[in-house]
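First listed ligand is number 1; within each ligand, the first listed atom is number 1. Nothing fancy with the numbering, it's 1 onward along the sequence. These numbers were taken from a predicted model, which means no experiment stands behind them.
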Amino acid sequence: MFKRITFILLVGLLAWAYQAAQPPPPNICGSPGGPPVTAPRIRLRDGRFLAYKEHGVPKQVAKYKIIFVHPFFSSRHDPIIATAVSPDVIEDLGVYIVSFDRPGYGESDPDPKRTTKSLALDIEELGDQLELGSKFYVIGYSLGGQVIWKCLRYIPHRLAGAALISPVINYWWPGLPANLSSFAYKKQAPQDQWALRAAHHIPWLTYWWNTQNFFPKHRALSGKVGNTFSRQDWENVRNAKVSGREKHKEHATQQGEAESIFRDMVVGFGSWEFDPMDLQNPFASNEGSVHLWQGDEDKLVPVELQRYIAEKLPWIHYHELPGGGHLLPAADGMSEIILKALLIKE
Ligand SMILES: *[C@@H]1O[C@H](CO)[C@@H](O)[C@H](O)[C@H]1NC(C)=O
């Protein structure tokens, strides 16, 4: 009798767990009942739409053309490098910047089949369809900075130069020494460790993990993002340099969280098909450069690991900023410095 009740309870629990783990289907932009399409979009090789937004000088007269890759929980509306630099400087330099909604964000179709490579190909297609020429620059920030590794791996021949700003590190990249990786991992808040572990080992549970209220979620999702700020980050927030970001958050996930932020976690911290530390210099004859920017007080991306990666790739121009936090490009004058270092050859 008891065995039978236990069995029935167990089956019930499993059925509930399975149900709870299934994210609702995305609310596709432009579909009946879905959010409206307001942005220009290109159609990609597999039929998906990619929404974009242009900034700076018109591309026809631009001296430099840049594709910007946005961070976690963000969208084409927040190309910090375009908004934090004064319009005069952008004009004087002759910079055109296009930002786009990464798949599943804002008004871009989800890409449930996303691979390590597919986002690099999306970026290449964006460059082609917007006729940015045979080579363009790429800049990515935070989780978008991580995407730049994929560009360096899969479309190096299309790059004029690249900047990775506070790029998020995947603790499971095989090239990281196990002891260093676990040292850095343990410095993260316990709930973040658990959320990332779940994203890496049980990706199909990621949606459930981050929407339930029993296990702690990642701080970036729990509304306690302030805990991840450094002293400099707090100053930037107080000076309202990042104030515009909050209002775009709703737009970022308007098609649902499963194919935007949770897909992001699973791809960012899942198993990769290559290791950034194995990359070759795409600019062997110095025709372009790759820059990596990291604050040494960044509480989301451990500086120890970034230093290690930079040491392994001596062709990268590594800039470590004392006192810098994760909101590095929002610090006074910083975005301008990052932009000029990338574009202007000494
Ligand atoms: C990891 O191990 C290496 C080699 O044994 C050692 O040199 C290094 O100091 C260790 N790092 C940490 C953070 O324990």
Side-chain angles (χ1 to χ4, degrees), residues 71-72 116 140-150 152-153 162-203 206 209 215-222 224-234 264-281 290-329 331 334 338:
F72 184 69
T116 314
Y141 170 40
S142 190
L143 207 57
Q146 198 192 56
V147 172
I148 304 302
W149 293 121
K150 303 178 182 182
L152 292 168
R153 168 70 181 80
L164 300 84
I165 310 169
S166 319
V168 167
I169 292 167
N170 182 334
Y171 298 91
W172 290 274
W173 284 333
L176 295 168
N179 65 342
L180 189 61
S181 191
S182 79
F183 164 79
Y185 197 70
K186 288 187 185 126
K187 280 196 355 188
Q188 301 293 303
Q191 69 262 41
D192 295 2
Q193 295 183 28
W194 278 108
L196 296 188
R197 229 173 249 142
H200 180 78
H201 295 289
I202 34 176
T206 300
W209 188 283
F215 296 109
K217 312 174 227 268
H218 196 281
R219 284 174 303 171
L221 297 168
S222 62
K224 292 182 194 143
V225 72
N227 298 347
T228 64
F229 286 175
S230 74
R231 204 163 19 90
Q232 190 193 68
D233 290 341
W234 276 116
D264 238 8
M265 288 177 79
V266 167
V267 173
F269 295 98
S271 299
W272 279 37
E273 284 144 35
F274 74 97
D275 188 318
M277 280 156 277
D278 294 334
L279 289 172
Q280 303 293 320
N281 183 3
V290 182
H291 296 260
L292 197 161
W293 301 83
Q294 168 76 34
D296 72 350
E297 288 185 17
D298 189 323
K299 291 193 181 171
L300 277 171
V301 181
V303 66
E304 297 85 356
L305 292 181
Q306 206 73 276
R307 242 176 239 159
Y308 184 85
I309 294 170
E311 269 170 31
K312 287 271 145 189
L313 303 170
W315 44 272
I316 285 199
H317 299 260
Y318 179 58
H319 312 264
E320 188 175 304
L321 292 125
H326 195 63
L327 302 181
L328 198 67
M334 203 57 229
I338 292 173

Which residue and atom name correspond to the protein heavy atom nearest atom 13 (C) of ligand 1, and how close is it? Leu180 CD1, 3.9 Å
Any protein heavy atom at under 4.0 Å, with atom 7 (O) of ligand 1 as the reference point? no
Pick from Tyr185, Phe183, Tyr308: which one makes a ring-ring contact (aromatic ring centres under 6.0 Å, His included) with Tyr171? Tyr185
Given side chains that start at C-beta, do those of Leu328 and Asp298 come closer than 4.5 Å, heavy atoms only? no
Between Glu273 and Arg153, does any NZ, NE, NH1 or NH2 come within less than 4.0 Å of an OD or OE carboxylate oxygen? no
Measure from atom 4 (C) of ligand 1 to the protein's non-hydrogen atoms and state whether any distance is below 4.0 Å. no
For Lys150 against Thr116, the heavy-atom pair lying closest together: CD-O, 3.1 Å
In terms of residue, atom name and distance, what is the protein heavy atom nearest to atom 11 (N) of ligand 1? Asn179 ND2, 3.0 Å
